[in-house]
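The structure appears below as structure tokens.
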Amino acid sequence: MRLGATASLLTVLLGTASAWGDVTYIAQKGDTLATIARHYHVGVRAVAQANHLKETALPSPGHALDIPQRDGPGAERAAERGTIRAERSGEKVRIRVRDSRGHISEGALKAFQNLMRQGAASFPVDPRLLALVSVVSDHFGGRTLEVVSGYRTYTSAQYTPHSNHNLGRALDFKIEGVRNEDIWTYCRTFRSAGCGYYPNSGFVHLDVREAKASWIDRSLPGDPPQYDAPEALAVKSTTADAPNPL
């Protein structure tokens with residue numbers, strides 16, 4: 001099996017370790033620690049120690065594995081990996097995403113759902129979105145993520161008739177000390193995800209969907225979309241489910 005060739009949503013699609021933090025890899029059927037370590041050019045022992053496993057252990061399909069970088073910035077934040085620091089209208093939270101078995105916890109989903117609420121209204125969050133946000137957070141060193149918009153109740157006046165925001169599958173956000181363009185560039189590497197850059201509104205959009213998509217929307221808040229590419233609107237409107245790797 002050739003790593004990186006699968007359609008798993010949360011394989012971080014980088015051939016080398018991140019400049020901001022370690023890589024998260026979702027184990028596939030037939031993987032061993034040796035094949036994973038070889039793909040990322042790190043030692044088997046390092047992968048085993050980072051995940052509290054024996055070197056001979058066979059990871060279960062769907063298990064999230066930390067692939068430690070060999071050097072560079074972000075190593076000092078390793079103990080905080082998997083924890084999202086977020087802020088919304090002055091409310092600050094810390095969400096530990098995965099439990100001791102490497103699975104997304106119910107508590108994390110509920111905390112993230114509350115963070116994404118619209119007033120008193122909330123909607124169950126798609127676990128794939130939380131998993132992607134966790135990967136983004138780790139990549140940028142666990143810096144504080146500011147929620148701009150999460151869940152939105154459906155209205156007949158919304159510009160996108162089938163918005164992923166209505167389904168708990170989308171988040172508009174920015175990250176403290178990181179350029180939105182850099183966030184967008186990184187998020188564009190994800191499979192089965194949509195990523196939009198809104199330079200005049202000041203945020204990045206991330207959602208989960210069936211196919212990879214990206215776009216730039218130069219509209220101001222509350223204005224109709226102004227996409228750079230005419231086909232982007234049709235791409236952004238899709239809400240089909242992506243394969244669930246969790």
Side-chain angles (χ1 to χ4, degrees), residues 13-14 18-20 84-93 112-113 115-119 121-123 125-126 128-130 132-240 242:
L13 305 178
L14 299 175
S18 159
W20 290 80
I84 297 173
R85 292 178 175 83
E87 181 176 353
R88 176 184 180 273
S89 301
E91 174 186 352
K92 297 181 179 181
V93 299
F112 197 62
Q113 176 179 332
L115 187 68
M116 288 186 47
R117 71 188 184 276
Q118 181 186 38
S122 65
F123 193 87
V125 174
D126 192 309
R128 300 167 300 172
L129 178 63
L130 177 54
L132 278 182
V133 172
S134 178
V135 172
V136 173
S137 174
D138 286 347
H139 179 76
F140 290 106
R143 295 168 181 246
T144 300
L145 183 151
E146 181 180 342
V147 174
V148 175
S149 179
Y151 169 66
R152 299 178 196 160
T153 55
Y154 173 80
T155 70
S156 58
Q158 65 187 46
Y159 293 109
T160 304
H162 306 289
S163 172
N164 280 309
H165 283 284
N166 304 145
L167 302 171
R169 297 178 187 165
L171 178 69
D172 297 340
F173 68 101
K174 48 190 174 181
I175 297 176
E176 180 183 38
V178 182
R179 297 191 314 159
N180 287 335
E181 186 175 1
D182 293 337
I183 301 170
W184 179 65
T185 298
Y186 177 67
C187 291
R188 292 177 67 197
T189 66
F190 294 140
R191 296 173 180 169
S192 300
C195 188
Y197 173 36
Y198 293 73
N200 295 323
S201 295
F203 62 81
V204 173
H205 170 101
L206 179 64
D207 66 49
V208 291
R209 59 178 65 205
E210 182 178 10
K212 178 177 179 178
S214 65
W215 62 91
I216 297 175
D217 183 346
R218 300 187 183 276
S219 63
L220 294 170
D223 287 348
Q226 297 179 17
Y227 295 104
D228 274 10
E231 68 274 12
L233 180 58
V235 172
K236 186 177 185 295
S237 299
T238 181
T239 58

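Just so it is clear, the values below take in all heavy atoms, side chains as well, and ignore hydrogens, waters and symmetry mates.
- N200 places a side-chain N or O within 3.5 Å of a backbone atom of R218 that can act as its donor or acceptor partner.
- With rounding to the nearest 0.5 angstrom, the CD atom of E176 is 8.0 Å from the CD atom of E87.
- The distance from atom OH of Y186 to atom SG of C195, rounded to the nearest 0.5 Å, is 11.0 Å.
- Here the CZ-NZ distance, from R179 to K174, works out to 15.5 Å after rounding to the nearest 0.5 Å.
- Applying the ring pair (Phe, Tyr, Trp, His ring centres under 6.0 Å) test between W184 and each of Y197, F173, F203, F190 identifies Y197 as the sole match.
- Under a 3.5 Å cut-off, the side chain of R88 and the backbone N or O of L115 do form a donor-acceptor pair.
- D217 is listed as a side-chain neighbour of Q226, based on a closest heavy-atom distance under 4.5 Å.
- Between the CG atom in L171 and the NE2 atom in H205 there is a gap of 8.5 Å [rounded to 0.5 Å].
- Considering NE2 of H162 and CG of L167, their distance stands at 10.0 Å, rounded to 0.5 Å.
- Looking at R128, its side chain never comes within 3.5 Å of a backbone N or O of A193 through a donor-acceptor pair.
- In terms of heavy-atom proximity, K212 sits nearest to R188 at CE-O, 2.7 Å.
- Between the side chain of H165 and the main chain of G150, a donor-acceptor pair closer than 3.5 Å is present.
- The two residues I216 and P199 come nearest to each other via the heavy atoms CG2-CD, 4.0 Å.
- Under 3.5 Å, the side chains of Q158 and N166 contain a donor-acceptor pair of N or O atoms.
- Between D172 and R152, the closest heavy-atom pair is OD2-NH2, 2.7 Å.
- The two atoms that bring A170 and L129 nearest to each other are N-CD2, 3.5 Å, heavy atoms only.
- For the pair V133 and M116, the minimum side-chain heavy-atom distance is 4.5 Å or more.
- S219 approaches P224 most closely through the heavy-atom pair CB-O, 3.1 Å.
- Taking CD from Q118 and CZ from F123, the interatomic distance works out to 12.5 Å, rounded to the nearest 0.5 Å.
- Side chain of S122 to backbone of Y151: no donor-acceptor contact under 3.5 angstrom is found.
- Closest non-hydrogen pair, Y159 versus D223, comes out as CE1-O, 3.6 Å.
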